[in-house]
Colleague: 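Please read through the structure below; I'll follow up with questions.
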Amino acid sequence: NVHASALAEAHLPDEQTTAFAREAIEDLSQQPKKLSPKYFYDATGSELFEAITRLPEYYPTRTELAILKERGSEIAKIIPENAALVEFGAGATTKVRLLLNQSRFAAYVPVDISGDFLQAQANGLKRDFPSLGIYPVAADFTTPFELPKAVASMPKVGFFPGSTIGNFEPHEAQAFLRSARQILGKGAQMIIGADLEKEERLLHAAYNDAAGVTARFNLNVLVRINRELGGNFDLSAFTHGAIYNHDRHRIEMHLISRKNQTVRLLGTSFSFRPGESIHTENSYKYSLDRFAALAQGAGWRVRESWTDSAKMFSVHALEA
Ligand code: AVI
């Protein structure tokens with residue numbers, strides 16, 4: 001019954017919508033205003049992010065992939081036989097396929113909040129790796145979760161590519177690494193990607209691409225607020241801006257109001273001055289030393305760190 005379910009949707013928002021509403025109102029009430037980057041990723045946002053990874057200016061994805069390819073045999077050497085590969089967050093399967101091709105894993109455990117996405121991903125991998133045990137876990141990987149019983153006795157290898165760790169505040173990044181160590185257990189390994197600090201011009205270009213895909217990705221959070229929470233943001237009255245904050249070693253993404261305006265959202269009004277920003281994302285850039293200190297602070301030992309020849313991106317092998 002289409003009508004009844006539409007009504008249910010209008011009157012009984014599910015838990016996630018309620019959380020989105022609560023968080024959006026709280027974050028837009030702050031000074032300076034902000035919104036959480038986790039709300040970028042609905043179906044459209046995930047597609048826009050995939051498009052970002054193919055942009056000429058956005059070097060992280062292709063550089064990390066090249067490192068994983070080039071260092072494949074070195075990575076394979078530190079991976080025990082018949083281990084379980086536990087991926088925190090499940091995106092495109094390109095990177096994980098590389099690892100699965102290079103080493104003999106007995107099991108793959110993708111962990112992601114979106115159950116539908118996990119199933120599609122698992123189906124695709126099952127066809128190409130028929131002897132691999134695939135055990136998806138639908139969970140928020142930033143909070144503690146249990147590994148499937150089937151992999152209990154296998155050596156564990158965590159995988160966290162893409163420099164997603166860079167979107168966490170340093171204290172959150174450390175908490176995540178500590179929790180991953182607990183989940184994976186004693187003797188575990190972890191393969192993790194981290195973007196490196198570099199010439200500002202290159203960072204600026206990567207987050208202010210000429211085709212405007214990153215701008216659309218950033219604005220998509222306002223599209224979602226309008227559609228899912230009944231907001232009335234005028235998209236043409238905000239511009240995308242990404243700047244490098246040297247002192248804090250991070251790219252900051254902002255949505256900047258072009259004029260004096262008031263936006264209404266669920267009965268609350270938010271006014272904006274011209275030039276006032278909503279801070280939507282941080283993307284921290286590490287040095288090899290700062291990354292090692294972060295990992296060590298969370299109880300990991302850095303076994304090896306690999307970079308490309310231009311030192312754009314880094315991949316680290318950690319040991320619990
Ligand atoms: C997912 N994450 C690592 C991306 C980054 O580079 O921080 C998200 C992104 N934001 C703008 N462009 C890409």
Side-chain angles (χ1 to χ4, degrees), residues 34-68 87-96 110-114 117 140-142 159-170 172-173 176-177 191-224 238-245 248-256 277-286 290-291 294 308 312-316:
K34 58 178 187 161
L35 285 169
S36 166
K38 71 178 175 227
Y39 295 115
F40 286 142
Y41 300 94
D42 63 347
T44 307
S46 301
E47 266 168 43
L48 286 168
F49 179 66
E50 286 306 314
I52 287 175
T53 66
R54 292 188 297 269
L55 289 169
E57 300 97 329
Y58 194 78
Y59 61 85
T61 312
R62 75 177 66 90
T63 310
E64 181 178 48
L65 206 53
I67 296 171
L68 291 173
E87 183 169 11
F88 296 89
T93 57
T94 327
K95 291 169 194 167
V96 83
V111 184
D112 199 271
I113 197 138
S114 158
F117 195 82
D140 174 355
F141 65 79
T142 62
F159 188 41
F160 196 41
S163 196
T164 302
I165 192 141
N167 297 128
F168 297 160
E169 290 305 308
E172 294 168 342
F176 164 74
L177 287 174
I191 309 287
I192 179 164
D195 196 10
L196 295 176
E197 192 154 36
K198 60 183 63 61
E199 213 186 312
E200 178 164 352
R201 180 179 56 88
L202 298 173
L203 286 169
H204 189 269
Y207 292 85
N208 293 279
D209 63 288
V213 183
T214 309
R216 273 160 59 212
F217 175 71
N218 199 1
L219 283 160
N220 186 52
V221 70
L222 302 186
V223 175
R224 282 194 70 181
F238 287 87
T239 48
H240 160 78
I243 54 144
Y244 191 61
N245 183 330
R248 306 183 79 165
H249 313 284
R250 69 189 195 195
I251 281 279
E252 296 177 0
M253 291 221 300
H254 296 272
L255 290 167
I256 301 153
S277 111
I278 308 172
H279 185 175
T280 51
E281 186 186 57
N282 288 319
S283 190
Y284 282 85
K285 307 305 171 190
Y286 286 91
R290 271 189 284 113
F291 188 81
L294 178 80
D308 54 301
M312 299 283 272
F313 199 90
S314 63
V315 174
H316 307 261

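Throughout, numbering of the chain's residues begins at 1 and tracks the sequence. Because only heavy atoms are used, hydrogens play no part in the values below, and waters and symmetry mates are left out as well, while side chains stay in. Counting starts at 1 for both ligands and their atoms, in listed order.
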Colleague: Can the ring centres of Y207 and F217 be said to be less than 6.0 Å apart?
Modeller: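 Not under 6.0 Å, so no.
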
Colleague: Show which atoms of ligand 1 fall inside a sub-4.0 Å distance from at least one heavy-atom site of G162.
Modeller: 3 (C)

Colleague: Give the minimum heavy-atom separation between E281 and H279, together with the two atoms involved.
Modeller: O-NE2, 3.3 Å

Colleague: Run the numbers for me: atoms of ligand 1, each under 4.0 Å from some heavy atom of S163, listed by number.
Modeller: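 In order of number, 3 (C).
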
Colleague: Does an N or O anywhere in Y58 fall below 3.5 Å from an N or O of ligand 1?
Modeller: yes

Colleague: Any atom of ligand 1 sitting under 4.0 Å from a heavy atom of F40?
Modeller: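 Checking ligand 1 against F40, which is what was asked, there is no heavy-atom contact under 4.0 Å.
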
Colleague: At less than 4.0 angstrom from any non-hydrogen atom of S283, what atoms of ligand 1 do you find?
Modeller: 5 (C), 6 (O), 7 (O)

Colleague: Can a side-chain donor-acceptor contact be found between K198 and Y244 if the only test is distance below 3.5 angstrom?
Modeller: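 There is no such pair between these side chains.
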
Colleague: Measure centre to centre between the rings of F168 and F176, then say whether the value is under 6.0 Å.
Modeller: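 They qualify: ring centres under 6.0 Å apart.
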
Colleague: Are any of the N/O atoms on Y41, whether in the backbone or the side chain, positioned under 3.5 angstrom from an N/O atom of ligand 1?
Modeller: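 No - when backbone and side-chain N and O of Y41 are compared with those of ligand 1, no distance drops under 3.5 Å.
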
Colleague: Check the pair Y59 / D308 against side-chain contact (heavy atoms from CB on, under 4.5 Å), numbers first and verdict last.
Modeller: CA-CA 11 Å; Y59 61 85; D308 54 301; over 6 Å; no

Colleague: Just jot down the ligand 1 atoms closer than 4.0 angstrom to any heavy atom of F49, in number order.
Modeller: 1 (C), 4 (C), 8 (C), 13 (C)

Colleague: Salt bridge or not between E252 and R250? Use side-chain N to carboxylate O under 4.0 Å.
Modeller: yes

Colleague: Of the backbone atoms (N, CA, C, O) and the side-chain heavy atoms from C-beta on, which set of N167 has a member under 4.0 Å from an atom of ligand 1: side chain, backbone, both, or neither?
Modeller: side chain

Colleague: Would you mind checking if K95 and E87 are paired as a salt bridge, meaning a charged N to carboxylate O distance below 4.0 Å?
Modeller: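 Not counted as a salt bridge, because no side-chain N and carboxylate O are separated by less than 4.0 Å.
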
Colleague: What residue and heavy atom of the protein are closest to atom 8 (C) of ligand 1, and at what distance?
Modeller: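 Minimum-distance protein heavy atom for atom 8 (C) of ligand 1 reads E281 OE2, 3.4 Å.
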
Colleague: Looking only at distances, please establish whether an N/O atom of ligand 1 is found under 3.5 Å from an N/O atom of T214.
Modeller: no

